Amino acid sequence: MAWLVLLFSGVLEAGWAISLKLSEGFSRLVPTLAFLVLAAGSFAGLAWAMRLLPVGPAYAVWTGVGAALTAVIGMIWLGDAVSVIKIVSIVLIIAGVLGLNLAGVGH
């Protein structure tokens, strides 16, 4: 269950990052409120999951999911440039998160 909460918290992290962008420096009310709610939920989920999971893999999953998903959303919906190096980098983020988790199994 802790891993599911952590993954969901990573999705919320992407949500608050996108909301932060859309808030235009906290000058737009709805995206600013979305940022606050999503950030609070994301950090709360991370805090709860870290009670049960090792800090290294937990933080890596949270930031990795958030970073990769934010980059993908930016490229698909927000007009961020798409390139092979960006896609390879997202794959490397995912590989790094998986590697950290596999390295921690049984230790």
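Since this is a predicted model, take the numbers as computed values, not measurements. For the single chain, residues carry numbers from 1 onward in sequence order.
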Those residues at least two apart in sequence (or on a different chain) that pass side-chain contact (heavy atoms from CB on, under 4.5 Å) with V82 are M75, I87
Only counting residues at least two apart or in another chain, list the ones meeting side-chain contact (heavy atoms from CB on, under 4.5 Å) with L6. W3, L46, A49, L53, A58, V61, W62
Provide the closest heavy-atom pair for V97 versus G64 in the form atom of the first, atom of the second, distance. CG2-CA, 3.9 Å
Write down the atom of G41, the atom of S9, and the distance for their closest heavy-atom approach. O-OG, 4.3 Å
Determine, using the 4.5 Å side-chain heavy-atom cutoff (strictly less than), whether [X] and [Y] are members of one ILVMFWY cluster.
X	Y	answer
L52	F43	no
I85	L92	no
V55	L98	yes
I93	I18	no
L102	I94	no

Per the side-chain contact (heavy atoms from CB on, under 4.5 Å) rule, which among L12, L4, V5 passes with F8? L12
Sub-3.5 Å donor-acceptor pair from the side chain of S42 to the main-chain atoms of L38, do we have one? no
Got a donor-acceptor contact below 3.5 angstrom from the S23 side chain to the L20 backbone? yes
Taking atom NZ as the centre, does K21 end up with more than 12 heavy-atom neighbours from other residues, nucleotides or ligands that are less than 6.0 angstrom away? no
Please walk me through it: do V65 and E13 pass side chain to side chain contact (heavy atoms under 4.5 Å, CB included)? CA-CA 8 Å; V65 167; E13 181 192 358; over 6 Å; no
Trace of the side chain to side chain contact (heavy atoms under 4.5 Å, CB included) decision for F35 with R28: CA-CA 11 Å; F35 163 78; R28 296 179 61 218; over 6 Å; no
Under 3.5 Å, sequence neighbours excluded: what are the donor-acceptor pairs made by side chains of residues 66-74?
unit_1: T70; atom_1: OG1; unit_2: G66; atom_2: O; d: 2.6

Take T32 and L22 through the test side chain to side chain contact (heavy atoms under 4.5 Å, CB included) and record every step on the way to the result. CA-CA 8 Å; T32 298; L22 297 176; over 6 Å; no
